[in-house]
2 protein chains.
Amino acid sequence: MEYQEAKEKFISTWGSLGSLWGINKAMAQIQSLLFISTKPLSMEEIMEELKISRGNTSMNLRQLMDWGIVTKELIPGKRKEFFTTEKDVQELARHIAKERSRREIKPVIKILKDVSSIKDDGTAKTKELIKQTKALHDLAETADTMMNRIVSQDQNWLTKSLLKFIK
Amino acid sequence: MEYQEAKEKFISTWGSLGSLWGINKAMAQIQSLLFISTKPLSMEEIMEELKISRGNTSMNLRQLMDWGIVTKELIPGKRKEFFTTEKDVQELARHIAKERSRREIKPVIKILKDVSSIKDDGTAKTKELIKQTKALHDLAETADTMMNRIVSQDQNWLTKSLLKFIK
DNA sequence: CTAAACTTTCAATAATTATTGAAAGTTTGT
DNA sequence: ACAAACTTTCAATAATTATTGAAAGTTTAG
């Protein structure tokens, strides 16, 4: 496999995997492209490489910046804006985990808590609802806490923890 | 909040969260409904509760069975088929983790391996592609291995591990 | 201040994904 | 074997989500 083929394969695979970490295809592809680029890229270059429109590029770059995994880079003497992504996979994983927790998991935990706190009227179905949502709440909370511990640690704590876990 | 409201809130929240664990809305809603039901439900009952068509119900129940989290229950003397879901949250988490690994993560790891194994032609861009995809590959593999360890353990290992992790 | 260079916005459109419902298929009881 | 009771399939349609592109907005250089 040659460079060009490998590059395309990587971008399309990582792009279609976007759903796994909760972002859309274009967003994931832009991030992929920056991830393997040796230098910051301009909007023009991104549009050209991925064959997507200016509007699409602009919107998705913004979202990536909101996620905290892409940053604007101003190159002295140039008018255009350039973009780079976090290059360290662990740092990347941390950002993503943190954002997903904040955007999706925390709000759901809140609702599970509310639902599992309704008044027990003594009927079997109410008891079941309370019991099951409480179990889900506890599991979600434990997993979320774990994730947040991981993301708040120093550089190599993630790998160390995972390895410890495996052994 | 009364039972009915709490129930609807739970089903719709869990349903919209489907994307988080990689299944569609109807699938997630059917699973939610079964999860808090005190008895097995027939297709009729599911259609009625969720206001979805017979075809939709049939297809999504099948997918849930493929995922291994819903099972057909034959009630003696009755013609209809009834359905139940795994009621233990930990068992549920295990099934889901295992399926996602098999369906999505493993195939991506394979491609990352292929891409990171291309011949190093000495150029900076090839070196960068190899380096970055290798880093992703290693992270993905570690995380996947961890997940699979978790899912292959006895009943309470998950909670114990998570707690250990947190402390 | 003005014009050129560049970015953002957003209504229209395209692409994708989910849902319906009726016909075809299957199973069971008599 | 037949018919009733039930489930599955799948082409048509609806709903949702992503993408475009051109107009409006912004920034910078002179």
Side-chain angles (χ1 to χ4, degrees), chain A residues 11-34 40-67 70-85 103-104, chain B residues 11-34 40-67 70-85 103-104:
Chain A
I11 291 172
S12 85
T13 302
W14 209 239
S16 67
L17 195 70
S19 66
L20 194 68
W21 46 293
I23 67 172
N24 73 33
K25 203 180 82 184
M27 237 176 117
Q29 295 193 155
I30 293 172
Q31 198 277 331
S32 305
L33 181 64
L34 294 173
L41 299 179
S42 66
M43 238 174 66
E44 298 288 345
E45 291 169 307
I46 296 169
M47 287 167 58
E48 164 65 22
E49 279 271 8
L50 302 178
K51 306 275 184 274
I52 58 179
S53 71
R54 187 174 296 282
N56 202 1
T57 308
S58 171
M59 282 175 129
N60 286 108
L61 275 170
R62 169 118 80 98
Q63 285 201 73
L64 285 164
M65 288 187 282
D66 289 347
W67 271 73
V70 161
T71 48
K72 233 177 238 183
E73 193 107 334
L74 294 175
I75 296 189
K78 302 218 177 176
R79 186 78 167 263
K80 280 201 185 80
E81 295 175 330
F82 290 80
F83 301 88
T84 46
T85 189
R103 293 168 191 237
E104 297 178 283
Chain B
I11 292 172
S12 85
T13 303
W14 209 238
S16 67
L17 195 69
S19 66
L20 194 67
W21 45 294
I23 67 173
N24 74 33
K25 203 181 84 186
M27 238 175 116
Q29 295 192 157
I30 293 171
Q31 198 277 332
S32 306
L33 181 63
L34 294 173
L41 299 180
S42 67
M43 237 175 66
E44 298 288 345
E45 291 169 307
I46 295 168
M47 286 168 58
E48 164 64 22
E49 279 272 7
L50 302 178
K51 306 274 185 276
I52 58 179
S53 72
R54 186 174 297 282
N56 200 2
T57 308
S58 172
M59 283 176 129
N60 286 107
L61 275 170
R62 169 119 77 97
Q63 286 201 73
L64 285 164
M65 288 187 282
D66 289 346
W67 270 73
V70 161
T71 48
K72 231 177 239 183
E73 193 106 334
L74 292 176
I75 296 188
K78 302 218 177 174
R79 187 79 165 263
K80 282 200 183 82
E81 296 175 329
F82 290 79
F83 302 88
T84 45
T85 188
R103 293 168 191 236
E104 298 178 282

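Here is the naming used below: chain letters follow the sequence lines, and residue numbers restart at 1 for every chain.
- In this structure, B:E104 and A:L17 approach most closely via the heavy-atom pair O-CD1, 4.4 Å.
- A 4.0 Å heavy-atom criterion places the boundary nucleotides of DNA chain D facing chain B at D:dA4 to D:dC10, written 5' to 3'.
- Residues passing the salt bridge (charged side-chain N to carboxylate O under 4.0 Å, His left out) test with A:E81, sequence neighbours excluded: A:K72.
- Within residues 54-66 of chain B, the residues approaching DNA chain D are B:R54, B:G55, B:S58, B:M59, B:R62, by heavy-atom distance under 4.0 Å.
- Under the salt bridge (charged side-chain N to carboxylate O under 4.0 Å, His left out) criterion, B:R62 pairs with no residue, sequence neighbours left out.
- By the salt bridge (charged side-chain N to carboxylate O under 4.0 Å, His left out) test, B:K51 is found to be paired with B:E48, residues two or more places apart in sequence or in another chain being considered.
- The base-pairing partner of C:dA22, taking Watson-Crick or G-U wobble contacts with both distances under 3.5 Å, is D:dT9.
- Note on ring orientation: taking the six-membered ring where Trp is involved, the planes of B:W21 and B:W67 are perpendicular (angle over 60°, cut-offs 30° and 60°).
- In this view, A:T85 and A:Q31 satisfy the side-chain hydrogen bond (donor to acceptor under 3.5 Å, both in side chains) rule, not counting sequence neighbours.
- Less than 4.0 Å separates DNA chain D from no heavy atom of any residue of residues 27-34 of chain B.
- In this structure, the side-chain hydrogen bond (donor to acceptor under 3.5 Å, both in side chains) partners of B:S42, at least two apart in sequence or on a different chain, are B:E45.
- In this structure B:A26 satisfies the side-chain contact (heavy atoms from CB on, under 4.5 Å) test together with B:N24, B:N56, B:N60, sequence neighbours excluded.
- Note that NZ of B:K80 is 11.5 Å distant from CG of B:L41, once rounded to the nearest 0.5 Å.
- Residues passing the side-chain hydrogen bond (donor to acceptor under 3.5 Å, both in side chains) test with B:T84, sequence neighbours excluded: B:T71, B:E73.
- Here the closest heavy-atom approach between residue B:A28 and residue B:G18 is recorded as CB-CA, 4.1 Å.
- Residues from residues 72-82 of chain B placing a heavy atom under 4.0 Å of any atom in DNA chain D, listed by number, are B:K72, B:R79, B:K80, B:E81.
- Taking the side-chain hydrogen bond (donor to acceptor under 3.5 Å, both in side chains) definition, one finds that A:E44 meets it with A:R54, sequence neighbours left out.
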